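The structure appears below as structure tokens.
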Amino acid sequence: MNVSLTVWLLSVAGLCVLVAADFFIGRKPHDVSIREAGIWTAVWVVLACLFGVGLWVAGGGDPAGEFFAGYITEKSLSVDNLFVFVLIMAKFAVPSQYQQRVLMVGVILALVLRAAFIAAGAAIISAFSWVFYIFGAFLIWTAWKLVQDARKGGHEEEYEENKLLKSIERRFGVADRYHGTKLWIEENGKRVMTPMLVVMLAIGSTDVLFALDSIPAIYGLTQDPYIVFTANAFALMGLRQLYFLIGGLLEKLVHLSYGLSVILGFIGVKLVLHALHESGVHVPEIGIPFSLGFIVLVLAVTTVTSLVAARRQEERERRQG
């Protein structure tokens with residue numbers, strides 16, 4: 001798509017308005033109910049669908065197909081990321097009424113960081129077409145690592161703070177308890193961070209690691225920076241509500257990592273084929289309609305098999321109990 005600067009600015013402004021509205025609605029600390037989370041999750045999904053329809057009207061089926069394929073992939077990867085968010089919340093013992101504020105700020109930080117990754121990715125791709133080989137190989141390796149982690153029960157591990165976060169804590173100091181939604185307080189004559197700020201930084205910085213596979217994945221579905229950015233934005237902006245909606249169901253999605261590994265491996269192969277095609281090698285390329293259908297099918301099968309496996313496990317535990 002040939003997206004003008006005006007469209008870019010209007011899109012970013014529109015997203016900022018949505019972020020501000022979301023922040024205003026959830027500004028008061030409170031426990032998020034399933035009903036509230038369900039309503040706002042549906043709102044964000046409908047907005048994403050309307051945006052995709054708008055792309056179809058303005059640019060045709062190809063951009064719309066690329067957007068929906070990218071959106072579904074990024075949304076699926078985001079659901080897997082929620083496992084880590086649960087571990088972070090438990091690690092820092094975040095009070096339930098403050099969790100929605102933590103996630104809101106964390107998602108905003110993630111969106112800003114991903115925008116930088118997307119811009120860097122677009123610049124690299126435009127200058128070096130061979131980077132698709134690297135992206136493809138990285139995604140195939142990530143797919144294999146997901147399978148290995150799933151076999152080891154990787155989501156059951158405790159969250160460990162990264163070195164950057166630990167160095168920030170040592171530099172500024174951290175209060176011993178939460179002080180409402182305050183990020184900084186005065187303690188013994190020194191300005192120190194509260195645990196609220198630490199957990200926000202933990203979620204925001206952790207998303208940098210998530211972006212290492214999600215950005216190459218979506219560039220395997222579309223090379224249009226505008227579609228890459230908007231698909232990521234819509235996938236991230238509904239993440240806070242999705243956390244509260246399916247928090248109790250996450251442990252039942254036992255096969256999600258396997259499904260995501262298949263999707264990432266598929267996109268990795270797609271990227272390698274595209275790189276070979278760009279190099280003049282006559283190989284078949286995988287179209288967006290097939291990619292979209294494949295991604296949806298894998299996620300549907302993964303969800304069904306996960307729920308069936310979880311139900312069987314519950315029945316076994318019930319009989320043993």
Side-chain angles (χ1 to χ4, degrees), residues 31-45 48 68-69 71-94 96 99-100 102-103 106-107 139 142-160 202-203 206-207 209-210 213-214 217 235-236 238-267 292-321:
D31 292 322
V32 178
S33 66
I34 295 295
R35 182 175 181 274
E36 178 185 347
I39 290 173
W40 284 105
T41 297
V43 167
W44 281 109
V45 171
F68 282 118
Y71 171 71
I72 293 171
T73 300
E74 293 298 316
K75 199 71 171 177
S76 304
L77 290 169
S78 296
V79 171
D80 192 51
N81 298 345
L82 291 181
F83 283 103
V84 181
F85 289 175
V86 169
L87 295 178
I88 292 175
M89 294 291 188
K91 170 75 174 182
F92 294 98
V94 182
S96 58
Q99 289 184 5
Q100 53 88 24
V102 169
L103 288 169
V107 166
L139 288 180
T142 302
W144 172 249
K145 188 172 182 297
L146 268 178
V147 172
Q148 297 300 104
D149 290 344
R151 289 177 176 175
K152 296 176 183 177
H155 289 311
E156 298 176 2
E157 300 175 2
E158 184 179 354
Y159 170 77
E160 291 292 336
I203 288 181
T206 299
D207 192 77
L209 300 178
F210 297 155
D213 54 40
S214 65
L236 283 174
L239 192 58
R240 177 171 66 93
Q241 292 83 358
L242 196 62
Y243 172 87
F244 295 103
L245 180 63
I246 68 172
L249 296 176
L250 284 176
E251 60 184 17
K252 294 185 178 181
L253 298 177
V254 293
H255 296 160
L256 179 61
S257 291
Y258 293 105
L260 291 177
S261 68
V262 172
I263 291 172
L264 290 179
F266 167 77
I267 297 175
L292 180 57
F294 181 84
I295 292 168
V296 171
L297 178 62
V298 170
L299 291 175
V301 171
T302 299
T303 302
V304 171
T305 58
S306 293
L307 296 178
V308 170
R311 183 179 301 173
R312 289 176 178 174
Q313 179 64 28
E314 290 175 358
E315 291 176 354
R316 282 196 295 268
E317 292 176 354
R318 193 181 303 115
R319 286 195 298 267
Q320 293 173 359

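Quick caveat: nothing in here was measured; it's all calculated off a predicted structure.
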To the nearest 0.5 Å, tell me how far Glu315 CD sits from Arg311 CZ.
7.5 Å

Any Ile203 side-chain heavy atom under 4.5 Å of Met89 side chain:
yes

Quick one, Phe85 and Leu239 - any side-chain contact, counting heavy atoms below 4.5 Å?
yes

Quick one: CG on Leu139 to OG on Ser261, what's the gap to the nearest 0.5 Å?
12.0 Å

Among Val301, Leu297, Ile295, which one satisfies side-chain contact (heavy atoms from CB on, under 4.5 Å) with Leu299?
Ile295

Just wondering, do Val45 and Tyr71 contact through their side chains at under 4.5 Å, heavy atoms?
yes

Between NE2 on residue His255 and CG on residue Leu260, distance to nearest 0.5 Å
13.0 Å

From Ile72 CD1 over to Ile263 CD1, what is the distance, rounded to the nearest 0.5 angstrom?
9.0 Å

Look up atom CD in Gln241 and atom CD1 in Ile39, then write down how far apart they are to the nearest 0.5 Å.
11.0 Å

Taking atom CH2 of Trp44 as the centre, does the number of heavy atoms from other residues, nucleotides or ligands within less than 6.0 Å exceed 12?
yes

Applying ring pair (Phe, Tyr, Trp, His ring centres under 6.0 Å), can you list everything that pairs with Phe266, at least two apart in sequence or on another chain?
Phe294

Using side-chain heavy atoms (C-beta onward) and a distance below 4.5 Å, is Leu242 in contact with Lys75?
yes

Any idea which heavy atoms bring Ala48 and Phe68 closest together, and the distance?
O-CE2, 4.3 Å

Please report the interatomic distance CD1(Ile267) to OG1(Thr142), rounded to the nearest 0.5 Å.
11.0 Å

